[in-house]
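Read through the structure below, which is laid out as structure tokens, and then see the notes.
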Amino acid sequence: MVSDIISTVEFNYSGELLATGDKGGRVVIFQHEQESKNRPHLRGEYNVYSTFQSHEPEFDYLKSLEIEEKINKIRWLQQQNAAHFLLSTNDKTIKLWKISERDKRAEGYNLKDEDGRLRDPFRITSLRVPVLMPMDLMVEASPRRIFANAHTYHINSISVNSDHETYLSADDLRINLWHLEITDRSFNIVDIKPANMEELTEVITAAECHPHQCNVFVYSSSKGTIRLCDMRAGALCDRHSKFFEEPEDPSSRSFFSEIISSISDVKFSHSGRYMMTRDYLSVKVWDLNMENRPVETYQVHEYLRSKLCSLYENDCIFDKFECCWNGSDSAIMTGSYNNFFRMFDRNTRRDITLEASRESSKPRATLKPRKVSTGGKRKKDEISVDSLDFNKKILHTAWHPKDNVIAVAATNNLYIFQDKIN
Amino acid sequence: MSAEEETMSVEEQQEVNDTVVSPEKVEEAKLKARYPGLGAKPGGSDLLRKRLQKGPKYFDSGDYNMAKAKMKNKSLPLAPVEKTEITGGHIPTPQDLPQRKTVLASKLAG
């Protein structure tokens with residue numbers, strides 16, 4: 001079903017919870033079960049913890065446009081008390097949700113019966129103190145803040161700041177800074193809308209706050225550039241502090257060059273020293289101190305370069321793949337087509353291609369590496385480029401912040417893989 | 001995806017011989033052969049504007065009346081319209097409008 005297509009996946013800071021958002025506006029949260037005492041060699045599983053409807057479809061009457069309920073991004077807040085908080089956004093509205101547990105219920109009210117019916121006050125002859133009784137665990141999600149009407153264009157990113165007070169939201173042309181407590185105003189910190197829309201040459205594709213420096217954030221563009229901005233420099237960060245761009249070989253420029261250079265995701269490393277960008281064919285790691293070129297480039301599916309014509313015709317060339325770091329920043333992961341996803345070890349430079357599908361893996365079985373044959377001869381077990389299913393795209397992946405556990409969204413299925421212990 | 005056999009024109013052959021077989025350039029030539037009217041500025045305004053207005057645009061009586069007025073004034077036939085433009089210079093018909101979908105419980109939640 002189309003509304004089941006998963007559109008975002010995100011672990012919380014401890015990795016205990018995993019949230020997914022889908023095209024139908026729903027959020028499903030999974031919780032890591034404690035390892036069972038009977039089978040300590042197996043890690044606990046992730047089971048459904050809470051599910052709720054975050055966004056509903058809306059209609060913009062002024063422009064006669066439908067506002068999709070699809071959840072574009074979910075970002076967790078750091079846990080500060082028993083409850084969990086997350087931000088979820090569709091194209092236009094960001095919501096702060098509180099997820100809390102309830103395992104006690106008050107019984108013995110004076111004014112109403114156990115089944116909720118109001119008691120006749122004149123019949124009450126004595127007072128009693130209600131007592132708290134245990135009940136089955138109930139997980140409730142309630143919207144605490146709604147941050148609306150601040151984006152003319154479609155929101156592509158939200159990012160919580162390290163100050164735990166503010167967050168940014170980015171659309172195609174503007175970035176806004178919000179305070180988590182204040183919903184009726186936000187500060188516009190980046191505006192790249194030209195006075196004349198005919199002169200539009202690039203759009204903002206992703207944005208993220210620095211993990212430690214609360215004054216720094218980056219945003220990427222459809223032209224393959226990244227701008228790092230410092231909010232201390234001015235109220236409006238239209239002028240970047242750093243500009244990252246890899247020089248292009250002019251002789252290899254083609255009609256497709258700009259389209260495939262468009263950055264679909266940007267993520268800081270946990271250390272805050274590096275950032276990673278994903279464009280159509282590769283993943284690049286940048287040292288924040290070096291603007292003129294990336295320090296590492298990993299080819300995701302270079303064999304697609306000779307298929308760009310068809311990929312343009314079927315719109316696949318515009319697919320927006322995400323990327324993620326593991327907890328120690330030693331490995332990175334990103335998705336591809338045919339339900340393949342790729343992992344790169346930054347230290348050993350080894351890479352692996354794996355498949356997320358029911359057919360190719362049974363629960364608890366080890367995943368088998370896959371290979372796409374690029375030459376004329378196809379070896380056994382290899383798949384030829386022309387047999388790849390381009391409707392099976394893995395756009396969203398997430399890596400547990402501490403452990404070797406990954407979540408991979410394959411259209412409307414969620415796969416969770418973990419390293420074998422021992 | 002079907003692997004279509006394309007016989008290369010003399011120009012394309014020249015291009016392939018000139019550049020040190022850049023697969024991108026070969027693909028570009030294929031695209032230009034199929035769509036000769038493709039604009040000179042590929043990543044430019046048209047593509048971006050289409051991206052900014054993502055999603056279907058519904059019937060708007062204001063746009064409809066503006067388009068009707070425009071049609072009356074123009075004696076020449078209009079330029080071929082992008083099929084994504086539902087309103088503006090194009091008068092929409094019920095067939096242009098997409099169907100709404102219904103929302104049910106998520107399968108992931110079991």
Side-chain angles (χ1 to χ4, degrees), chain A residues 1-4 6 20 22 24-28 30 47-48 51 53 56-57 59 63-69 91 153-154 172-173 197-203 222-223 251-260 262 305-314 318 385-386 388 390 412-414, chain B residues 1-4 6 15 18-35 38-64 84 86-88 92 97-110:
Chain A
M1 205 161 53
V2 171
S3 57
D4 278 344
I6 300 169
T20 62
D22 68 20
R26 291 165 307 231
V27 171
V28 181
F30 299 85
N47 295 316
V48 178
T51 172
Q53 186 77 32
E56 298 276 2
F59 197 78
K63 296 178 189 161
S64 300
L65 288 170
E66 189 177 40
I67 300 171
E68 257 196 297
E69 66 274 34
D91 283 337
Y153 301 97
H154 298 108
D172 292 311
L173 297 178
M197 284 298 270
E198 300 278 326
E199 292 162 22
L200 183 67
T201 54
E202 67 182 324
V203 294
S222 52
K223 277 184 158 176
S251 67
S252 67
R253 186 162 181 86
S254 75
F255 173 85
F256 304 108
S257 298
E258 194 176 297
I259 300 172
I260 61 171
S262 176
R305 202 179 285 270
S306 53
K307 298 288 173 192
L308 292 176
C309 180
S310 317
L311 293 167
Y312 178 86
E313 289 179 301
N314 62 17
F318 301 105
V385 182
D386 294 312
L388 294 175
F390 287 82
N412 47 4
N413 292 309
L414 180 71
Chain B
M1 277 199 337
S2 59
E4 286 174 44
E6 301 253 314
E15 211 170 42
D18 288 348
T19 67
V20 186
V21 198
S22 157
E24 259 182 68
K25 286 254 162 72
V26 172
E27 292 296 299
E28 181 176 12
K30 254 194 240 170
L31 196 69
K32 291 230 159 95
R34 285 185 208 172
Y35 306 99
L38 211 53
K41 267 180 57 174
S45 301
D46 284 342
L47 205 66
L48 285 176
R49 235 172 312 130
K50 181 173 144 180
R51 182 204 174 119
L52 288 183
Q53 192 209 285
K54 120 188 175 196
K57 190 159 160 70
Y58 288 91
F59 175 78
D60 185 310
S61 62
D63 284 344
Y64 177 73
T84 50
I86 306 254
T87 54
L97 302 180
Q99 302 301 316
R100 287 294 300 270
K101 51 197 183 299
T102 51
V103 180
L104 299 168
S106 170
K107 226 172 46 171
L108 259 190

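Atoms considered below: every heavy atom in the structure, side chains included; atoms not considered: hydrogens, waters and symmetry mates. Here is the naming used below: chain letters follow the sequence lines, and residue numbers restart at 1 for every chain.
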* Using non-hydrogen atoms only, which part of A:Asn47 is less than 4.5 Å away from chain B: side chain, backbone, both, or neither? -> neither
* Asked: Nearest heavy-atom pair of B:Lys25 and A:Ser251: which atoms, and what distance?
  -> NZ-O, 2.7 Å
* For the residue pair B:Glu27 and A:Ser306, what are the closest heavy atoms and their distance? -> OE2-O, 2.7 Å
* Structure fact -> Taken in chain and number order and not counting sequence neighbours, the residues that satisfy side-chain contact (heavy atoms from CB on, under 4.5 Å) with A:Ser257 are A:Glu248, A:Arg253, A:Ser254, B:Glu24
* Leading residue by heavy atom contact count with chain B [cutoff under 4.5 Å; candidates A:Ile260, A:Leu308, A:Asp172] ->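 Among A:Ile260, A:Leu308, A:Asp172, the one with the most close pairs to chain B is A:Leu308.
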